[in-house]
Protein chains: 2
Amino acid sequence: MVKTDMETPATTLAWRRRASRDARRTEIFRSLGLALRERGLASLTMQAIADRLGMTKGNLYYYFKNKQDLLYGCHLACMRLSLRALGDVRRSTEPPGTRLSQVLTRHIRAITDEVYGAVLLTDLESLTPAQRKRYVAMRDRFERGVRQIIREGIERGEFRKVDPRLAGFAILGAINWIPKWYNPKGELSSAEIADAFADFLVTALEV
Amino acid sequence: MVKTDMETPATTLAWRRRASRDARRTEIFRSLGLALRERGLASLTMQAIADRLGMTKGNLYYYFKNKQDLLYGCHLACMRLSLRALGDVRRSTEPPGTRLSQVLTRHIRAITDEVYGAVLLTDLESLTPAQRKRYVAMRDRFERGVRQIIREGIERGEFRKVDPRLAGFAILGAINWIPKWYNPKGELSSAEIADAFADFLVTALEV
DNA sequence: GTCGGTTTTGACCATAGCGTCAAATCAAGC
DNA sequence: GCTTGATTTGACGCTATGGTCAAAACCGAC
């Protein structure tokens, strides 16, 4: 049987619906991120998020069960990007320094460019225990991956002998704090910040 | 005229009143910090803060005009400690590395030991513009001080040639993120963390 | 143009949490 | 033990915000 255009996934009705729904959800994530970045946690109301998109508050509940759910979606979306960066690098044969640099750069850009990275500034307590558990599991996976690269660098003699756990906390803390001061309209582009930070943090480990 | 015990400041009625009031205010700061640390921003309600001290919510308003005011007090108290550390080190003739290490150590301990350092995790948008302005001025003073030490280290050839601004952001971000994961009942004491972090971060700059 | 499902609306409810206040309690000095 | 000012109470009002829902509008397929 021959596949016609109509049957290829990209033009299937169901497919288009789903894609459009996903796109809308992402728009909402971005709106949330912007609200957070521009006005702070204080203005993180469903109303504010909706307003920015020219939609009504009620409509948000067509896409997300409730506020927790929206927050959770943001957390997941952001973490998925960072985990993908980690995964990509796993297959690489580059030295630890290069690999770490790549992961950090992409982690930073996930946080800055996809605005919803600002969600890191909220607290996990607003999630349900189940959601928190799952998110924390992902986050731990990411942190372990980073520590693993650090450990490898130390074993190969390319990194100083630091405590991988603490070094990891320091490095990721430095990055996670970025949304607190980053201004997309400032002098430094997110790309510049990402490069500079990755460079500084990796060099901090080297020798 | 001879000063009697009754006239020495420490036993003056007004003095005692004031001291007791200040002590109470600090207790409240600590309670706020604990609520933040243990339950997250979500549980940062006046009620929760009062409960933890066995006092009523209404009573809090005898000590603080409103919630903003309380938050503001926390921010100031915490920043004052860090600024004092910076001031003390200014008079020192030690090399930049040592001085930076001292400032960072005390900054970390201000955040971890005086629990209310967790207030860093809230957002400045909950303050009035005037309060925010004043706090940000203090924070900037602190950040400039840190950058100044970094610059000096570079000039003396003791630190690598980094961008002092970005390095400062990275270093302080790593530290400010600590309340997010620090657990006073965990394996690592705050003193150990402070030393390890200061060491790691200063060495990151050296050579 | 009409039918079915999808999306959006806007009015509405419920409640958590801030902040108020008059009255009660406490404690130091005499 | 009385007086006076400092401190504390607890019940209350009010608003902001999360969340619901029935009805309307939309939109693509036929």
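Below, read A as the first sequence line, B as the second, and so on, with proteins coming before strands; counting in each chain starts at 1.
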Asks: Give, ordered by number, those residues of residues 119-133 of chain A having at least one heavy-atom distance below 4.0 Å to an atom of DNA chain C; if nothing qualifies, reply none.
Replies: none

Asks: Touch check for A:Leu44, heavy atoms < 4.0 angstrom, all strands: base, sugar-phosphate only, or nothing?
Replies: sugar-phosphate

Asks: Answer yes if the ring centres of A:Tyr182 and B:Phe169 are under 6.0 angstrom apart, and no otherwise.
Replies: no

Asks: Can you tell me if A:Gln148 and A:Arg151 form a side-chain donor-acceptor pair at under 3.5 Å?
Replies: yes

Asks: Out of C:dG10, D:dT17, D:dG19, which nucleotide sits closest to the side chain of A:Thr45?
Replies: D:dT17

Asks: Could you work out, with side-chain hydrogen bond (donor to acceptor under 3.5 Å, both in side chains) as the rule, every residue matching B:Glu125, not counting sequence neighbours?
Replies: none

Asks: Please give me every residue in residues 59-71 of chain B whose heavy atoms get under 4.0 Å of an atom in DNA chain C, ordered by residue number.
Replies: B:Tyr61, B:Asn66, B:Lys67

Asks: For B:Arg106, enumerate each residue passing the salt bridge (Lys or Arg N to Asp or Glu O under 4.0 Å) test, keeping only those at least two apart in sequence or located in another chain.
Replies: B:Asp88

Asks: Tell me whether the guanidinium CZ or amine NZ of B:Arg132 lies under 6.0 angstrom from the six-membered ring centre of B:Tyr72 and within 45° of its axis.
Replies: no

Asks: Quick check, are the ring centers of A:Tyr116 and A:His75 under 6.0 angstrom apart?
Replies: no

Asks: What distance do A:Lys180 atom NZ and B:Trp177 atom CH2 have between them, rounded to the nearest 0.5 Å?
Replies: 8.5 Å

Asks: My understanding is that only residues two or more places apart in sequence, or in another chain, count here; which of them pass side chain to side chain contact (heavy atoms under 4.5 Å, CB included) with A:Asp140?
Replies: A:Val136, A:Glu143, A:Arg144

Asks: Rounded to the nearest 0.5 Å, how far apart are CG of A:Leu188 and OG1 of A:Thr112?
Replies: 11.5 Å

Asks: Against the six-membered ring of B:Phe142, is B:Arg147 placed for a cation-pi contact (under 6.0 Å from the centre, within 45° of the normal)?
Replies: no

Asks: For DNA chain C, which residues of residues 19-39 of chain A approach it to below 4.0 angstrom with any heavy atom?
Replies: A:Arg21, A:Arg24

Asks: Write down the distance between CZ (B:Arg18) and C1' (D:dA6), rounded to a whole number of angstrom.
Replies: 16 Å

Asks: Can you check whether any acceptor in the base of D:dG18 is under 3.5 Å from a donor in the side chain of A:Lys57, or vice versa?
Replies: yes

